[in-house]
Amino acid sequence: MLDFTLTPEQLSLQKNVREFALKEILPLAWFYDEANELPSHIINKASELGLMSGDIPKEYGGLGRSAIDGSIVTEEVAAACAGLATSIYINSLGYKPLVLCDNDALKQKYLPKIAKENKRICFATSEPTMGSDVAGMMCHAREDGDFYILNGIKYWITNGGIADYITVFATVDQKLQHQGICAFLVERNWKGVSIGRHIPKMGQRASNTAGIHFKDVRVPKENVIANPGKGFVLAMKSFAYSRPMIGAFAVGVARSAMDYAIHYAKSRRAFGHHLQSYEAIQFKIAEMYQKVETSRLLVMKAAWETDIGIDPTLSASISKFYCTEAANEVVNEALQIAGGYGYTKMYPFEKLLRDVRLLMIYEGTSEIQRMIVSGYALGVYQPIMPPIEDLPMLRSETGGKDFDKEMSGKTAWRCRMCGHIHYGNEPPDECPYCFFPGSAFKKIWPRE
Ligand SMILES: Cc1cc2nc3c(=O)[nH]c(=O)nc-3n(C[C@H](O)[C@H](O)[C@H](O)COP(=O)(O)OP(=O)(O)OC[C@H]3O[C@@H](n4cnc5c(N)ncnc54)[C@H](O)[C@@H]3O)c2cc1C
C-alpha cells in the first residue's frame, strides 16, 4: 500500500529543523544576503545538528538518514534561506561519490571525519569553459607511479572557499570524453591547491561559491574515488541522488513565497475589500498551493525510489525541472500579489526571486533535465497504446452492443497517410480522401 505519512521520527526531525530554520536562519537571512557572506556560526550549528552529513551511513559514523529525511531537512532550511541551504546541503553532494564508490579504505579514512569532526567537502565537476557537458572537462590527471598529478581549474564550486576536502573530477585524456573521467578526494591544504575569490552572485549570496586551481597537485592513488572510465557514471549517479534535493529546495522556497503572499492577501485592502476576496488573487493562491503540493509529491517519489533501491535517475530529473520551474512561477506570482512592496528590498519576495532562479541552473540545467527525460521517453519507454497506423478506429451499426458478431468476417483497412478506414476484402484502389494508392492501406481488422 502506498503511504504518504511521515513517521514519528520524521515528524520530530521536521519540527526540530523547522525550529532551527525559523529561529536561527530566517532572522539573519537578509543580512547575510546583503553582506554577500556565508555565516560560519550558522554552518557550524547546522553541522552540530547533523544537517550537513545526515545521510552518511552509520557504519562510517553517520546518522544513516534516508533520502526522504534529507528532503524534509532541505525543504525546511531552504524555506528560511536558499543560499544557506545550498551551502548546508552541498556537503552531501560532496561526499556522495565517496559513499557510492568501492574504495572502502578511503571511506574509512574520510567519512567519519566528515560525520563527526564537521569536516566539509565540496563537489567539483564544473570548469570555466564547461558545465553541462561534463564529458568535455579539461582538468587533467596524469598517472605518475603511486600518484596522479592534477592540473586544471574548477569553477562555481559551492563551499570551495570553506571546504576541507574536494571531490574532484578530472580526465586522463580529454579526447576519451566519458571514458577518460576519473575522480579523487583532494585535501584543500595539499601543495598546489589554491582557492579563488568568492564569486559575486545575483542570489543565494549567503552561499560560498569559488573557483579552485590545481597546479601539479600530487594525489596518492589511495585517494582515487573513481578510476579512469568510471568517473562519469559516478558523477551522474551522484546527481541522481542530489537532484530531488534541489526539488526540495524549490518546495521550501515556493512554500515561503506562498505563505507570505497568503498573509499579504489577507491583510491588504483594495477597492474596499481584502485582496483575498478577489477571484484573480484566490486563483493565483490556488495555483501556488497546487504547485507546492505536486512538487513535494514528486520529490518524495524520487526520494522513495532512492530509499528502496530503485534507480532514481528519471524521477530525479523530472522532479528537478518540474519543481524548480514551478517554484519560479510561484515566487513570481507571490511578488505580483504584494504589488509595489513586493518589488522592494524591505519585503521578502525579491530575495526569493533572486534565490529561486539558480535552482534551474545548477546540478544540471532545466534543458539538461529535459534531454534526460526526452531521451528516456523516446528511447527506452515502451508505449502502451498501439501505433497510430494500427489503431482500430472502427464504426458500429449496432452501437457496439454485439460488436464481435457484427465484425465477424469483416475486414477493415486504414490509410497510413490520412487515417481513413475502408471496409472490404481488399483495400481501395485509391484513398477517397488523400488520393494515396491502395498500397498505403494497412489491414487493421481482424487483428493479426
Ligand atoms: C551558484 C552556483 C553554484 C554552483 N555550484 C557548483 C558546484 O558546487 N559544483 C560544480 O561542479 N558546479 C557547480 N555549479 C555549476 C553549474 O552546475 C553549472 O553552471 C551548470 O551545470 C550549467 O553549466 P554552465 O554554466 O557551464 O552552462 P553551459 O553548459 O555553458 O550551458 C549554457 C546554456 O546552454 C544550455 N545548453 C547547454 N547544452 C545544451 C544542449 N545540448 N541543448 C540545449 N541547451 C543546452 C544550458 O542549459 C544553459 O542554459 C554552480 C553554478 C552556480 C551558478
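When a ligand or atom number is given, it counts from 1 through the structure's own listing order. Quick caveat: nothing in here was measured; it's all calculated off a predicted structure.
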For ligand 1, is any non-hydrogen atom under 4.0 Å from Glu363's backbone (N, CA, C, O), its side chain (CB onward), both, or neither?
->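 Backbone only; the side chain of Glu363 stays clear of ligand 1.
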
What part of Thr125, side chain, backbone, both or neither, has a heavy atom within less than 4.0 angstrom of ligand 1?
->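 It is both backbone and side chain that touch ligand 1.
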
Hey, is ligand 1 close enough to Ile368 that some N/O pair sits below 3.5 Å?
->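 Looking only at distances, the answer is no, because the N/O contact criterion of under 3.5 Å is not met.
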
Can you find an N/O atom of Asp133 closer than 3.5 Å to an N/O atom of ligand 1?
->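 No; the residue has no nitrogen or oxygen that sits under 3.5 Å from a nitrogen or oxygen of the ligand.
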
Dump the intermediate steps for salt bridge (charged side-chain N to carboxylate O under 4.0 Å, His left out) on Glu325 and Arg370, then the final yes or no.
-> CA-CA 12 Å; Glu325 291 176 11; Arg370 282 179 168 81; 2.7 Å; yes

Find all atoms of ligand 1 within a distance of less than 4.0 Å from any non-hydrogen atom belonging to [X], and give their numbers and elements.
| X | value |
| --- | --- |
| Phe123 | 7 (C), 8 (O), 9 (N), 10 (C), 11 (O) |
| Met130 | 26 (O) |
| Leu358 | 1 (C), 2 (C), 52 (C), 53 (C) |
| Lys201 | 1 (C) |
| Glu367 | 44 (N), 47 (O), 49 (O) |

Indicate the ring-plane relationship of His178 and Phe232, choosing parallel, tilted or perpendicular according to the 30° and 60° boundaries.
->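 His178 and Phe232: perpendicular rings.
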
What is the ring orientation for Phe249 with Tyr89, classed by angle as parallel under 30°, tilted 30 to 60°, or perpendicular over 60°?
->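 Taking Tyr89 first and then Phe249, their aromatic rings stand perpendicular (interplane angle over 60°).
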
Indicate whether the side chain of [X] and that of [Y] have a donor and an acceptor atom separated by less than 3.5 Å.
| X | Y | value |
| --- | --- | --- |
| Asn44 | Ser47 | no |
| Ser87 | Asn159 | yes |
| Glu187 | Tyr110 | yes |

Among protein heavy atoms, which lies nearest [atom], and at what distance?
| atom | value |
| --- | --- |
| atom 3 (C) of ligand 1 | Thr158 OG1, 3.4 Å |
| atom 15 (C) of ligand 1 | Ser126 OG, 3.2 Å |
| atom 29 (O) of ligand 1 | Ser132 OG, 2.6 Å |
| atom 24 (P) of ligand 1 | Gly131 CA, 3.9 Å |

Looking only at atom types and distance, does a side-chain atom of Asp307 sit under 3.5 Å from a main-chain N or O of Ala67, one as donor and one as acceptor?
->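 Confirmed, Asp307 side chain pairs with Ala67 backbone.
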
Do the side chain of Asn103 and the main chain of Val224 share a donor and acceptor less than 3.5 angstrom apart?
->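 A pair under 3.5 Å: yes.
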
So between Tyr155, Tyr362, Trp156, whose heavy atom ends up nearest atom 5 (N) of ligand 1?
->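 That would be Trp156.
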
Check: Phe123 ring centre within less than 6.0 Å of Phe169 ring centre |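 Between Phe169 and Phe123, which both carry aromatic rings, the centre distance is below 6.0 Å.
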
Heavy-atom contact under 4.0 Å between Met371 and ligand 1?
->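 Right, Met371 reaches ligand 1.
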
Answer yes or no for Gln204: is there a heavy-atom contact with ligand 1 below 4.0 Å?
->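 It does not, in that no heavy atom of Gln204 comes within the 4.0 Å cut-off of ligand 1.
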
Any non-hydrogen protein atom below 4.0 Å of [atom]?
| atom | result |
| --- | --- |
| atom 40 (C) of ligand 1 | yes |
| atom 47 (O) of ligand 1 | yes |
| atom 33 (C) of ligand 1 | no |
| atom 20 (C) of ligand 1 | yes |

Of all heavy-atom pairs between Asn208 and Leu38, which one has the smallest distance, and what is that distance?
->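 Smallest interatomic distance, heavy atoms only, reads CB-CD2, 4.0 Å.
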
Start with the C-alpha gap between Tyr95 and Thr167, add the side-chain angles, then the distance that decides, and say whether side chain to side chain donor-acceptor pair (under 3.5 Å) holds.
-> CA-CA 7 Å; Tyr95 59 68; Thr167 296; over 6 Å; no

Does the distance from a Lys or Arg side-chain N to an Asp or Glu carboxylate O, for Arg18 and Glu75, drop under 4.0 Å?
->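 Between Glu75 and Arg18 there is no salt bridge, as every charged N stays at least 4.0 Å from the carboxylate O atoms.
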
